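Comments concern the structure below.
Proteins come first, then strands; the chains are lettered A, B, ... in the order of their sequence lines, and each starts at number 1. Not measured: the values here are computed from a predicted model.
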Amino acid sequence: MKKDTLSLSSLSVGQRGIIGRLTDGGRNIADRLRDLGMNEGAAVECVMISPLGDPRAYLIKGSVIALRREDAAVVGLIPESVCEALCAKPIIGSKIREGRR
Amino acid sequence: MSERIIRVALLGNPNVGKSTVFNALTGMRQHTGNWAGKTVGLAEGRFDEGEYTVVITDLPGIYSLRCHSPEEEVARDHIEKGEADVTVCVCDALSLERNLILVQQAAEICDCVIICVNLIDEAEKKGVRIDAGKLSEMTGCPVILTAARQKVGLDDLRREIVAEHERSQPTPHFANVCNSCDSCTDHHCISAAIARDCVSAVSDPTVRDRRIDKITTGRYTSIPLMLLLLAAVFWLTLVGSAYLSGWLGLLLDLAAGFIRKVITPILPPTLTSMICDGLVATVFRVIAVMLPPMAVFFPVFTLLEDLGYLPRVAFNLDRCFKVCDSCGKQSLTMLMGLGCNAAGVTGCRIIDSPRERLIAIVTNSFMPCNGRLPLIIAAFGCLGLGAGASVFGLLIAFALAVAVTLGVSKLLSVTLLRGEISSFTLELPPYRTPQVGRVLVRSLLDRTLFVLGRAVTAAAPAGILIWLAANCHIGSRSIFAHLTSLLEPVGRLAGMDGALMLAFILALPAAELMLPLAIAGATAGGLNLGEIADIPAAFRSAGWSGVTVVCVIIFMMFHFPCATTLMTIKKETGSLRWALISAVLPTVIGYALCVTVNLVFSIFFA
């Protein structure tokens, strides 16, 4: 039976997930994506979509990176981790302080 | 006193303000825009600290030292060869976790690493704080917090560079970071652990950016906003430069009169005429029409750049370019080409794939640069429709240029430049307040110098040549007249005339020569430094019909790029063949369009 192949390209705006495996398919983009912060275990959120439908932009480790659908498909997600961003903590990879700024 | 030198390399991700740090430390002028990939090539500068002279090299912004691109290779080579005594890794306080990946890679190669956390001011505004002490403890590197735009922290950085160099025993880097796993070498794991402990935030710092992005990339608002901004830029350039041209024209008129008064008694009349009617008239006219649009367009463009809006444009339009087997970043190089084609060609370095870069380079000259705008605007003026209609006309012309660019990009992709569609990653930086005052001043200075430089190197000799051609006679007619009649059939076929064809050919050195040359042609070689506003009238009295105007506009947009651009293309591509293709392709297209328009007009309207 085929495993769940949920990838970054299936996230709609406002959804987030944890990155699983990166499959390359011979395009050498997996390395580039890891350099941009998309490694296994990192939290990622889809924050924008282009008015023409493609590419989408993803928030990863505090930066926003735009990726086309076929490139985002390289990044696998852990299916159980996908949820709506509104109910989760923000992705800034840091601790939240109490009190005023 | 012996001069002791410390060599420093500035390393960091794109868009972390590395070049701002560089400028602030060295006082050098180097333009920095707010989108990833702006600094190309290695800039060097120096400053003195104590008894040392520190030489800094600004490396290109890269995401990793693993050599996926020429920029990464350049940076890696520089550091590996030991060209630097101290490596300063510049990080953005708001994306420290990712920046630390590169820092770790650098720490594996260099002994002396300083971490400079920049854009502290932006982080403060968004409620994010960095614990410099903890960061230094965990990484084993000295940490300096800076806000280079506000010149904060730079003295500390200068001192630390010297201190680090003088340190005899470098501390081990990233030694005891990860408590959860034993000998952890995973850079991502280590970065995450460090960020968790050293970065703290009150709330989500990306909230404001997302709100703005809803407008700039929203389904119903993004494209109207882009069109509105474009129209605003065109309108400002048209109206603003019309005023400025008027003022400048008056000023230069006075100067020209003064020069004439001074040299008339000294030199023979022929020489006087050559200098005043040839050299001075051409140079001054070029300055008067060229400087105002550049003085408006470039500051506005730079402000949008600094704001961080331009990558959103590439994001919005990428799909169109993907259809043409090209890349969304080409939209940015096209915008740069709107200011200056040579700058647009150099800017194509932001495109990673060599194939797509070549497509962007070859098609860049379809964008009408500032040098070509004055004649296009004057041509619109001939139609006598007023400023509003001219803006509308400009937008239509722009749309045509974009359509042709996309079409030719697709054509190249299926013929000469066939290949794989490459992957496309674009970082959308946070919106940052542009420093309006500084941008205006520096932009103005840069552009003024550029225009004056071109005026001296291209317009001055051209002015003398035009005068000679108009006043030297072979047989009964001047050289000008001979050449004009030679080119008459070629010109007539395309709805213009020989004089205009000659003007296009002679304007090869610089596009802005087109206007004085066209005027010379229209006034049959007699050059009067009259008022700028009279130009459309001069054209009308020279018999420019509606067809001529349209064909002039079309050919002005689609013909060979200027010599500077061609040389830049040769340099960027390393190939004479591509420079030639870049010259021939637009000319063929432009000529064919003009012939078609002329034909259609003569069939249906004559």
> Listed by chain and number, what are the side-chain contact (heavy atoms from CB on, under 4.5 Å) partners of D92(B), not counting sequence neighbours?
Replying inline: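 Here the qualifying residues are V16(B), L94(B), S95(B), N99(B), L119(B), R432(B).
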>> Determine whether N39(A) and H187(B) satisfy the following criterion, side-chain contact (heavy atoms from CB on, under 4.5 Å), listing intermediate values before the conclusion.
In response: CA-CA 10 Å; N39(A) 61 296; H187(B) 290 173; over 6 Å; no
> Between T206(B) and L59(A), is a side-chain contact (heavy atoms from CB on, under 4.5 Å) present by the stated rule, with each step listed?
Replying inline: CA-CA 9 Å; T206(B) 64; L59(A) 178 62; 4.1 Å; yes
About how many Å separate [atom2] of [Y] and [atom1] of [X], when rounded to the nearest 0.5 Å?
X       : Y       : atom1 : atom2 : value
L67(A)  : F315(B) : CG    : CZ    : 9.5 Å
D213(B) : I49(A)  : CG    : CD1   : 13.5 Å
R56(A)  : T217(B) : CZ    : OG1   : 12.5 Å
H188(B) : D35(A)  : NE2   : CG    : 7.0 Å
I60(A)  : E427(B) : CD1   : CD    : 12.0 Å
F424(B) : I65(A)  : CZ    : CD1   : 11.0 Å

> What pairs with D121(B) under salt bridge (charged side-chain N to carboxylate O under 4.0 Å, His left out), at least two apart in sequence or on another chain?
Replying inline: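 Salt bridge (charged side-chain N to carboxylate O under 4.0 Å, His left out) list for D121(B), sorted by chain: empty.
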> Is it the backbone or the side chain of K322(B) that comes under 4.5 Å from a heavy atom of chain A, or both, or neither?
Replying inline: both
> Non-hydrogen atoms of chain A under 4.5 Å away: do they reach the side chain of R319(B), the backbone, both or neither?
Replying inline: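 Interface part for R319(B): both.
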> Counting only N and O atoms by type, is there a donor-acceptor contact under 3.5 Å from the side chain of D71(A) to the main-chain atoms of T425(B)?
Replying inline: no
>> Would you say CZ of R21(A) has more than 12 non-hydrogen atoms from neighbouring residues, nucleotides or ligands within 6.0 angstrom?
In response: no
> Closest approach of S63(A) and R98(B), non-hydrogen atoms and distance?
Replying inline: OG-NH1, 3.2 Å
